Amino acid sequence: MKPLPPKGTRDYLPAQIRTRAGVIETVKRVFESFGYAPLETPALERLDVLTGKYGDEADQLIFRILKRGAAGERGEADLGLRYDLTVPLARVMAANQDLPKPFKRYQIQPVWRAERPQKGRFREFVQCDVDCVGTASVLADAEMVAVMHETLAALGFKNYRISVNHRKILSAFMDYAGVPAELKFAAIRAMDKLDKVGRDGVEAELAASDVPEPAADEIMNVLFDPKNSGRFNYYLTAAQAFAGDYDEGREGVADMHNLAEYVHHFGVPDDVVSFDLHMARGLDYYTGPIYEAFVVEGGVGSVAGGGRYDQLIAQLGGPDLPATGTSFGLERIITLLADRETAGGDAANVLVAVYDKSVLQDALEVAAEIRAAGATCEVYLEPSAKLAKQFGYADAKGIPFVVVVGPDEVAKGVVQLKDLAKREQVEVPRADLAAVVANILGRT
RNA sequence: GUGGGCGUAGCUCAGCUGGUGAGAGCGCCAGACUGUGGAUCUGGAGGUCGGGGGUUCAAAUCCCCUCGCCCACCCCA
């Protein structure tokens, strides 16, 4: 029996925190550069706020909090841990209607899902959301794609793609193919698996559902029309073929034309964005353009995903505000980054080695002087330990400098300063300590 | 929720179809080096073989249950 954290959650050790903090800093910088401001909300939300927004399956994955205290109420849940950051934002918008629009915020906090853990999947994980509320302009959607691109680029990724599609086009597509309304979702989900299971897989999936065979054939015909090449051209040609007959389809195609143009003007390279007719995204609340980013050969699914959700805020009792946003998965970014060089750097600058208890007071004073000079510094906490052990500790932990305080030094009013990497040791008068530390910091 | 794999010292693992006292490497501790680190050498500590039950003269090794981890499905960051 090992004292492991609960299934699907993890402890974050110092070096991991440093890595995560570095990623968060980069993500924040990009978000802020587009004019987004921070927001935080509670981990807990009322259950009626959370449920009915994501879809039936996802509702099952919400962690529910049992009532406490009141007799007879045990077993009932009225609160849950937030499942994502979009619904909490929508609630905030419904509650704070005086915020200037468009309201642009980012939010970096953990969310919880009662899923079975897997590679790149946890029960507690941090999402980095950016959202723009209060404008229906496709320009806002284009900005989301641009933010995705800039963020992934800033993180140092080279080989990534952003897939874009439109819920209205998907809906029109299903109508055109003759899919009954109640089976639209199943058919769309089958298509969404294309990248994973391939053409035959989608065909099998459609066959296994109750989608009528002619409708399934029509879906496959459109998806794999050999006349077209190049995903963007393909997309627009295919979409136009059926869109004209449906209001939704026409709106969607018009949006996508604008989106393509805007994204280009945002400076996103054309080969990064692809318009994928099969890409669907699972959450119920999306209503317009949807986007998903993944790193090629990443093996952890998408690193970011999002879309337009024009009805969600009204659904929560707020005003009829259009909104769009996207979310990055911090743990997936970390997983993908893990293959790369990630320097440690979680050690203090200086270790003060204490010769014995008789000089403890002096050692503590020296340490305080070093900290006052601006360096991070720790004192070895067992004053009776051999110096060899204290040096070994500094070495193992990666502390670059050791200051030795012993009886001889105290008598002379000096300390020994050793540079472990260079194996050089110099005697430094206590009075000069601040200057020497400043010099050290200047070099590191 | 469904399917599969795995659980042996702090870590990574070896232990063939059940059979003499449960191992290796790394790490840790101590000493060689009585005020100074990463090398080497020597010695040492540390394991109810995840837990419970069963089969057997005998089980880490076979069977059942259970817990945990991992992978895949579902869905998703």
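Everything quoted here is computed from the prediction, not taken from an experiment. Naming convention: chains lettered A, B, ... in sequence-line order (proteins, then strands); numbering from 1 in each chain. These values consider heavy atoms only, across backbone and side chains, with no hydrogens, waters or symmetry-generated copies.
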Map every base of RNA chain B to its dot-bracket character, where paired means a Watson-Crick or G-U wobble contact with both distances under 3.5 Å and | marks a partner outside the strand.
(((((((..((((.....[...)))).(((((.......))))).....(((((..]....))))))))))))....

With a sphere of 6.0 Å drawn around NZ of A:Lys184, does it hold more than 12 non-hydrogen atoms of other residues, nucleotides or ligands?
yes

Is there a donor in the side chain of A:Glu143 and an acceptor in the side chain of A:Tyr262, or the other way round, less than 3.5 Å apart?
no

Taking RNA chain B as the partner, which of residues 189-205 of chain A come within under 4.0 angstrom of it by heavy atom?
A:Arg189, A:Lys193, A:Lys196

On a whole-Å scale, what distance lies between the C1' atoms belonging to B:G68 and B:A32?
44 Å

Determine which pairs satisfy salt bridge (Lys or Arg N to Asp or Glu O under 4.0 Å) with at least one residue from residues 366-386 of chain A, sequence neighbours left out, and list them in order.
A:Glu369-A:Arg430, A:Glu378-A:Lys397

Test salt bridge (Lys or Arg N to Asp or Glu O under 4.0 Å) applied to A:Asp210 - qualifying residues, sequence neighbours left out:
none

Residue list, ring-ring contact (aromatic ring centres under 6.0 Å, His included) with A:Tyr54, at least two apart or on another chain:
A:Tyr83, A:Tyr285

Under 3.5 Å between N/O atoms: give me all the protein pairs with nucleotides 1-6 of chain B, atom names plus distance.
unit_1: B:U2; atom_1: O4; unit_2: A:Arg116; atom_2: NH1; d: 3.4

Any A:Gln118 side-chain nitrogen or oxygen under 4.0 Å from OP1 or OP2 of B:C73:
yes

Counting only side-chain N and O atoms of A:Gln127, is one of them less than 4.0 Å from OP1 or OP2 of B:A77?
no

Under 4.0 Å between any heavy atoms, over every strand shown, what does A:Ala394 touch: base, sugar-phosphate, or nothing? Just pick one.
nothing

Determine whether more than 12 heavy atoms belonging to other residues, nucleotides or ligands lie under 6.0 Å from atom CZ of A:Arg199.
yes

Take the protein atom CG of A:Leu61 and the nucleotide atom C1' of B:C76, then report the distance between them rounded to whole Å.
9 Å

By the 4.0 Å heavy-atom rule, please label A:Gly120 as base, sugar-phosphate, or nothing.
base

What do you reckon, is CD of A:Glu40 surrounded by more than 12 foreign heavy atoms closer than 6.0 Å?
no

For atom CG of A:Asn96, decide whether the heavy atoms of other residues, nucleotides or ligands shown that lie under 6.0 angstrom number more than 12.
yes

Touch class at under 4.0 angstrom, heavy-atom based, for A:Leu283 against every strand present
sugar-phosphate

Could you list the residues that satisfy salt bridge (Lys or Arg N to Asp or Glu O under 4.0 Å) with A:Lys193, not counting sequence neighbours?
A:Glu205

Whether A:Tyr286 and A:Tyr309 hold their rings parallel, tilted or perpendicular, with breakpoints at 30° and 60°
perpendicular

When you compare B:G1 with B:C76, how far apart are their C1' atoms, in angstrom units rounded to a whole number?
16 Å

With heavy-atom distances below 4.5 Å as the criterion, would you say the side chains of A:Phe391 and A:Val404 are in contact?
yes

Separation of atom CG in A:Asp129 from atom C1' in B:C76, rounded to whole Å
14 Å

For atom C1', what is the distance between B:U8 and B:U48, given to the nearest Å?
12 Å

Whole-Å distance separating the CZ atom of A:Phe122 from the P atom of B:C69
12 Å

Between P on B:C76 and CG on A:Asp59, what's the gap in Å once rounded to a whole number?
12 Å

Nearest-Å distance once atom P is located in both B:U36 and B:G44:
26 Å

With sequence neighbours left out, write down each residue that passes salt bridge (Lys or Arg N to Asp or Glu O under 4.0 Å) with A:Lys412, or none if nothing qualifies.
A:Glu427

Take atom CG of A:Leu13 and atom P of B:G10, then tell me their distance rounded to the nearest Å.
17 Å

For nucleotides B:G25 and B:C65, find the distance between their P atoms and express it as a whole number of Å.
39 Å

Contact between A:Gln16 and A:Arg10 at the side-chain level, heavy atoms closer than 4.5 Å - yes or no?
no

Measure the distance from CD on A:Glu382 to C1' on B:C29 and round it to the nearest whole Å.
13 Å

Would you mind reading off the distance between A:Tyr285 atom OH and B:C76 atom C1', rounded to a whole angstrom?
11 Å

Given side chains that start at C-beta, do those of A:Thr287 and A:Lys168 come closer than 4.5 Å, heavy atoms only?
no

Please name all residues satisfying ring-ring contact (aromatic ring centres under 6.0 Å, His included) with A:Phe275, sequence neighbours left out, ordered by chain then number.
A:Phe232, A:Tyr235

Could you check how far CD of A:Glu292 sits from P of B:C75, rounded to whole Å?
13 Å

Report the relative orientation of the aromatic rings in A:Tyr160 and A:His149; use parallel for angles under 30°, tilted for 30 to 60°, perpendicular for over 60°.
tilted

For B:C49 and B:G31, measure between their C1' atoms and round to the nearest Å.
32 Å

Not counting sequence neighbours, which residues clear salt bridge (Lys or Arg N to Asp or Glu O under 4.0 Å) with A:Glu203? List them please.
none

What protein N or O atoms touch nucleotides 44-47 of chain B N or O atoms at under 3.5 angstrom, if any, and at what distances?
none

Treat primed atoms plus P, OP1 and OP2 as sugar-phosphate and everything else as base, then score nucleotides 33-42 of chain B 5' to 3': B for base contact with protein heavy atoms under 4.0 Å, S for sugar-phosphate contact only, - for none.
--BBBB----

Would you measure the distance from the P atom in B:C16 across to the matching atom in B:G27 and give it in whole Å?
28 Å

Say you pick atom P in B:U56 and the same atom in B:A14; how far apart are they, in whole Å?
31 Å

When you measure from the side chain of A:Gln390 to the backbone of A:Val354, do you find a donor-acceptor pair of N or O atoms at a distance under 3.5 Å?
yes

